[in-house]
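One structure is given below, encoded as structure tokens.
Whatever order the structure lists them in is the order used to number ligands and atoms, beginning at 1. All values derive from a computational prediction rather than experimental measurement.
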Amino acid sequence: MTTTVTMRIGAERRAGTTTFDSIDPYTGEAWATVAEASRADVDDAVAAARAAFDGGEWSKLSGRERGRLMRRLAAVIEEHADELGLAETRDNGKLLREMGGQVRSLSAWYEYYAGLADKIDGRVVDTGRPDYFGFVTREPIGVVGAVLPWNSPLLLLTFKIAPALAAGCTIVAKPSEQAPVSILKFADLFEEAGFPPGVFNTVSGASREVGEWLVGHPGVDRVSFTGSEITGAAVAAAAAKHLAPVTLELGGKSANIVFPDADLAAASNGLIAGIFAAAGQTCIAGSRALVHADVYEEVVARVAERAARIRLGDPKDPETEMGPICFPGQHEKIRRFVAQAKEQGADIVGGGGDGGLGGLFFEPTIVANVTNDAMVCQEEIFGPVLSVLRFSSEEEAIAIANDSRYGLAAGIWTADIRRAFRMTKALRVGTVWVNAYRTLNYAMPFGGIKSSGFGRENGTEGLHEYLQEKAVWIETTGATRDPFVLG
Ligand code: NAD
């Protein structure tokens, strides 16, 4: 029995004139029938968001009232966390043991930004002119078009919409065709929490056109995109046609760097967490391990030993440590990268196969003795493949880590606090973890540089993406001025 999921446009649930299937990567079978949006559906969703923003009930709420609704949403999320977590597991194969907690944790994002919703202050400015009083207000930017990838749909959606709601914006979200169900179901929670219609709308589709229609829509005031580098460039170009500002959260090829003075057990565990959690299907995957020559063999042996024991299986089983890859195209891409590394002479220390499970499984794979110019070190694989590079000095580690067109994140493993500070400064990335990897929360700004994108999500920085300043000048004397002079 498949479940049927609809879009949410204003107060209406819309089934779409056609549908597509969402496939469970573990069973290989369709488990949900999903609405396919037409161009008219996208137009209607943007119109519903516009109506809610321009004069609708939502636009009249104070920050405190928006915050109150967001807190109710946080409570409703907790009530539905198990169901939503399971929907993500069935859509993308990520572990239920991770997803349940991840969905439950989203309430903290809505509570954090609910607390900021009534603190959106302006400021009074010294205009330098005694006859003018000047002040600046910060206003919501308007209708937000949010486009999401498949790997953590609700978490990445929340990075965008929790601050957007706090700012007073309205939203049209487009989930990935590979994992649309959780976001479409999530839209129903807005009604349950008491939000007016039109604040959060969804459009879904198997074709890339639905995303194109949304980001190219002249009624969208800001585009917020999370996905691949190539799509991100297309999205930015489409948004530029109607001059909508864009936030881009794109891919990575992050370095996880182990110095010889590190706690090697902790560092090896950090390398495992960086690349094999979520089967490497995360933007922040630490897919390049940079290991000092003095400890290279030991670290590779430790990581290989633990990787060989990673339990592959049903992502719904709490004992499973790695589920399947999300869809066949992604599985094939990973397979090709590993085959090519092998052809080019790299050592495949462990993995490379399907673990005897067939289907979309891919074993945790370690590619050793490669140099940074290899494809496996330059391209984002988005799978459980760790390239292990060797370095001999701090300068060399910095040079290798920064020799990437991406700049999303990096990890450093060292007991030397001075080295840790030097490294955090030298690494050209948006996030650095010291003696840690793969931690995120609502208060820490997140985002990349270079081909990993621009703009920041989370923290107070994330709120600014959805606000714009208005400068107000008030003449205080009633004097008449020379109309031909700037003044
Ligand atoms: P993708 O770029 O293929 O698709 C992302 C979304 O864009 C999907 O909803 C897709 O339907 C839509 N889309 C495709 N073409 C479009 C177009 N021309 N116009 C508008 N929308 C379009 O990415 P993916 O494969 O779903 O996700 C994996 C990628 O996402 C990886 O590169 C990963 O690193 C990145 N990612 C980044 C972050 C981050 O925060 N930096 C987080 C997670 C994933």
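A salt bridge links R8 with E191: the closest approach of a Lys/Arg side-chain nitrogen to an acidic carboxylate oxygen falls below 4.0 angstrom. Checked for salt-bridge contact, E465 and R456 miss the test: no charged N lies under 4.0 Å from a carboxylate O. Salt bridge R14/D44: present, at least one basic N to carboxylate O contact under 4.0 Å. Under 4.0 Å is where a charged nitrogen must lie from a carboxylate oxygen, and between D188 and R13 at least one such pair does. A salt bridge is defined here as a Lys NZ or Arg NE, NH1 or NH2 lying under 4.0 Å from an Asp or Glu carboxylate O, and E29 with R90 fails to meet this definition.
Of the listed residues (R104, K185, E192), just one forms a side-chain hydrogen bond (donor to acceptor under 3.5 Å, both in side chains) with H80, and that residue is E192. For the side-chain hydrogen bond (donor to acceptor under 3.5 Å, both in side chains) test with D221, the passing option among R50, Q468, H242 is R50; the others fail.
Near V147, meaning under 4.0 Å from one of its heavy atoms, ligand 1 places the atoms 6 (C), 7 (O), 9 (O), 12 (C), 21 (N). Proximity to E177 (heavy-atom distance under 4.0 Å) selects the following atoms of ligand 1: 8 (C), 9 (O), 10 (C), 11 (O). Counting atoms of ligand 1 from 1 in the listed order, those under 4.0 Å from a heavy atom of V235 are 19 (N), 20 (C). Of all atoms in ligand 1, listed by their number and element, those nearer than 4.0 Å to a heavy atom of L250 are 34 (O), 37 (C), 38 (C), 39 (C), 41 (N). Within ligand 1, the atoms closer than 4.0 Å to a non-hydrogen atom of L156 are 42 (C), 43 (C), numbered from 1 in the order shown.
Nearest protein heavy-atom contact of atom 27 (O) of ligand 1 is P149 CB, 3.2 Å. Nearest protein neighbour of atom 17 (C) of ligand 1, counting heavy atoms only, is E212 CG, 3.6 Å. Counting protein heavy atoms only, atom 39 (C) of ligand 1 is closest to C283 SG, 3.2 Å. Residue, atom and distance of the protein heavy atom nearest to atom 33 (C) of ligand 1 are F382 CE1, 3.2 Å.
The main-chain N or O of L271 is never found under 3.5 Å from a side-chain atom of Y437 such that the two would form a donor-acceptor pair. Under a 3.5 Å cut-off, the side chain of E321 and the backbone N or O of R311 do form a donor-acceptor pair. Side-chain atoms of N151 come within 3.5 Å of backbone N or O of Q281 as a donor-acceptor pair. A donor-acceptor pair is defined here as one N or O able to donate and one able to accept, closer than 3.5 Å; no such pair exists between the side chain of D24 and the backbone of W31.
Contact analysis puts F446 in contact with ligand 1, with a non-hydrogen atom separation below 4.0 angstrom. Ligand 1 lies less than 4.0 angstrom from a heavy atom belonging to P175.
Considering backbone and side-chain atoms alike, T231 places an N or O below 3.5 Å from some N or O of ligand 1. Between E380 and ligand 1, at least one pair of N/O atoms sits closer than 3.5 Å. The shortest N or O to N or O distance between A234 and ligand 1 is not below 3.5 Å. At least one N/O-N/O distance between W150 and ligand 1 falls below 3.5 Å. Checked against a 3.5 angstrom limit, the closest N/O atoms of E229 and ligand 1 fall outside it. Considering backbone and side-chain N/O atoms, K174 comes within less than 3.5 Å of an N/O atom of ligand 1. Ligand 1 has a nitrogen or oxygen under 3.5 angstrom from a nitrogen or oxygen of G227.
No side-chain donor-acceptor contact under 3.5 Å links K253 and S452. Side-chain atoms of T320 and D314 form no donor-acceptor pair, as typed in the model, at a separation below 3.5 Å. A donor-acceptor contact closer than 3.5 angstrom is absent between the side chains of R71 and S107.
By the criterion of a heavy-atom distance under 4.0 Å, neither the backbone nor the side chain of Q330 is placed next to ligand 1. At a heavy-atom distance under 4.0 Å, only backbone atoms of L148 (N, CA, C or O) approach ligand 1. Under 4.0 Å from ligand 1, the heavy atoms of N151 that appear belong solely to its side chain.
Which of F225, F327, W213 comes nearest to atom 7 (O) of ligand 1 through a heavy atom is settled by distance: it is F225. If you check each of G251, G211, G205 against atom 21 (N) of ligand 1, the one with the closest non-hydrogen atom is G211.
Protein non-hydrogen atoms do reach within 4.0 Å of atom 23 (O) of ligand 1.
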